[in-house]
Amino acid sequence: MQQEYAEYGDQYIDGAWRPSRDSGTIPVLNPATEQVLATVPAGAAADVDAAVAAARRAARGWAATTREERLALLTRLRDGLADAQAEITSTVVAELGAPVGFAGAVHAGLPLTVTTSYLSLLAGYSFEERIGNSVVFAEPAGVVAAITPWNYPLHQIVAKVVPALAAGCPVVLKPAEDTPLVARLFARLVDEAGFPAGVFNLVTGTGAVAGAALAAHPEVDVVSFTGSTAVGRQVAEAAGRGLKRVALELGGKSANVVLPGADLARAVNVNVANVFANSGQTCSAWTRLLVHADQYEEALALAAKAAEKYVPGDPADPRTRIGPLVNARQLDRVRGYLEGALDQGARVVAGGPEPLAELPTGHYVRPTVLADVTPEMTVAQEEVFGPVLAVLPYRDEDHAVEIANGTAYGLAGGVWAANTDTAAAFARRLDTGQVDLNGGRFNPLAPFGGYKDSGLGRELGRHGLEEFLQYKSLQY
Ligand code: NAD
């Protein structure tokens, strides 16, 4: 029986929670139980107008704050994120279906790491530089529209909002329809930190209405979007008409290339963990494993064995390593890709498209490893956004480079070799924004973003901060 749930009717605009100008609502569902968790307002263009107007009013005052004033507020926000780790974790488990261990470490932990990284970056950043007879000032780029997806819902909010605020820009955030609850929690933490009214605003709503209104709004100066490549194109078109600066973090089809001489078992195990994390709903996931033809069968056996450890289950159970997909649409989409791959000649070595009889409720899919995938197959070209690993053989290094670079995307990747120099030399040939060598760790200060159809601009670290700055030169 459906329990009671919260019905939120407000948006966070101009420093307070205010009734939405639209009476429409968006239900937020738990992907494991399919129960309604809450409803949030489906914000209208009028909500977006009010939020952007508040941000515009706040812009000059916020731009004029000192670094120390912004640092003090951002430190309070960081402390709020630290105190709210358990609440963030349970919220993301409930609305995204992420396993609780992963949710705590990544969905709650990473935003804290990123916020902390911006405190030290802001403290040491030089907003003024002398170049010959000029002094060049880095100034805030204006009112920022942040449009975010559901797959790393708080990380993607923080990766935009925190550097924008650090740069001196006010923000209007439109989070994804599936995960607005952690966005509301974030707005509460911003409010509790005591930022001036209008500096941060939250409008929940659909992409087609609230998102589109925000991306095209004449009073927005910068649009920072993370989501699908198809929507990214629309956002860039709207922003382009208004001559707004735009940053796009889009999809990926990243390759993990294992060169002869590498530790094959480790490379395959790390790849399987990488692609099944967050139920495969990771833009930078290594969804294509490329191994030398001589090692192909061995790699498949290792991948199938590693996949056995991922048994879908209740995300709230600490033993669960893989939860459901976010919604029914994604489940249909992933199963459709699996069926299409089999039709095109791929072979299942683990998982497959069949429903999980033991989990009749919830949007669960079998974590799947596919063999006999050729580079032109749909499953090797398009982003599946589910726990699906395609294993492809290559003949030699040139062939591996050709396959790795042979999609429209270029977001991330991995290279494994006998030593890091060999791996680095190979990585330099890849058309992609980030490559991990022999399992190199994620670095929250390194620029993150895509080549080709994976996007424009960079997030995180200094490069992420500079997306929100513009430059003024004074000549002496
Ligand atoms: P999506 O593109 O459907 O939605 C993303 C956001 O855009 C949501 O807030 C949505 O409401 C909004 N939106 C939808 N239509 C809009 C429109 N016409 N105008 C303005 N806004 C609109 O993507 P999704 O399904 O939420 O997320 C999955 C996609 O995001 C995947 O393709 C994934 O690879 C990508 N992604 C990329 C990165 C990255 O950093 N490169 C990170 C995470 C996700």
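Positions are given from 1, in the same order as the sequence printed here. Ligands are counted one by one from 1 in listed order, and the atoms in each one are counted from 1 as well.
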- min-distance protein heavy atom vs atom 8 (C) of ligand 1 -> Thr148 O, 3.4 Å
- Ser284 side chain to Ala412 main-chain N or O, any donor-acceptor pair under 3.5 Å? no
- If you scan protein heavy atoms around atom 10 (C) of ligand 1, the nearest is Glu177 OE1, 3.6 Å
- Item | ligand 1 N/O within reach of Gln234 N/O, cut-off under 3.5 Å | yes
- Message: I'd like to know if the side chain of Gln11 reaches the main chain of Arg18, judged simply by a donor and an acceptor atom lying under 3.5 Å from each other, with no hydrogens or angles considered.
- Response: no
- For ring pair (Phe, Tyr, Trp, His ring centres under 6.0 Å), just list the numbers for Trp150 and Phe385, CA-CA rounded to whole Å, side-chain angles, deciding distance to a tenth of an Å, and then say yes or no. CA-CA 12 Å; Trp150 45 263; Phe385 232 51; 5.5 Å; yes
- Is it the case that Arg184 places NZ or CZ above or below the six-membered ring of Tyr8, under 6.0 angstrom from the centre and within 45 degrees of the axis? yes
- Message: Polar contacts were defined as any N/O atom of the residue lying under 3.5 Å from an N/O atom of the ligand; does this apply to Ile147 and ligand 1?
- Response: no
- Note on the structure: ligand 1 atoms nearer than 4.0 angstrom to some heavy atom of Gly211 are 19 (N), 20 (C), 21 (N)
- Best match, Thr282, Val231, Thr226: closest heavy atom to atom 5 (C) of ligand 1: Thr226
- Considering the options Asp47, Thr25, Thr204, which one meets the side-chain hydrogen bond (donor to acceptor under 3.5 Å, both in side chains) requirement together with Ser20? Asp47
- Polar atom proximity, Leu250 to ligand 1 (N or O, under 3.5 Å): yes
- Query: Can you list the atoms of ligand 1 that are under 4.0 Å from a heavy atom of Gly251?
  - Reply: 34 (O)
- Please state which protein non-hydrogen atom is closest to atom 42 (C) of ligand 1 and give its distance, to 0.1 Å? Cys283 SG, 2.8 Å
- Message: Show the atoms of ligand 1 that are less than 4.0 angstrom away from any heavy atom in Phe448.
- Response: 40 (O)
- Item | atom 17 (C) of ligand 1: the protein heavy-atom neighbour that sits closest, reported with distance to 0.1 Å | Gly207 O, 3.4 Å
- Note on the structure: Counting from 1 in the order shown, the ligand 1 atoms closer than 4.0 Å to a non-hydrogen atom of Glu383 are 31 (C), 32 (O), 33 (C), 34 (O)
- Task: Have a look at ligand 1 and work out which part of Ala210, if any, has a heavy atom under 4.0 Å from it: side chain, backbone, both or neither.
- Result: neither
- Item | Steps toward side chain to side chain contact (heavy atoms under 4.5 Å, CB included) verdict (Thr179, Val92) | CA-CA 8 Å; Thr179 53; Val92 178; over 6 Å; no
- Near Ala212 (heavy-atom distance under 4.0 Å), the atoms of ligand 1 are 19 (N), 20 (C)
- What protein heavy atom sits nearest atom 35 (C) of ligand 1, and how far away is it? Gly227 O, 3.0 Å
- Item | atom 24 (P) of ligand 1: the protein heavy-atom neighbour that sits closest, reported with distance to 0.1 Å | Trp150 NE1, 3.4 Å
- Is a side-chain donor or acceptor of Arg78 paired with a backbone partner of Thr115 at a separation under 3.5 angstrom? no
- Message: Counting only nitrogen or oxygen atoms and a 3.5 angstrom limit, does Ser228 reach ligand 1?
- Response: yes
- Query: Taking only heavy atoms of Asn151, which atoms of ligand 1 are found under 4.0 Å from at least one of them?
  - Reply: 43 (C), 44 (C)
- Note on the structure: Here the atoms of ligand 1 under 4.0 Å from any heavy atom belonging to Phe385 are 28 (C), 31 (C), 33 (C), 34 (O)
- Item | 4.0 Å protein heavy-atom contact status of atom 13 (N) of ligand 1, strictly under | yes
- Query: With no hydrogens and no angle check, do the side chains of Glu382 and Tyr409 hold a donor and an acceptor under 3.5 Å apart?
  - Reply: no
- Message: For Val326, is there any backbone N or O sitting under 3.5 Å from a side-chain donor or acceptor partner on Gln281?
- Response: yes
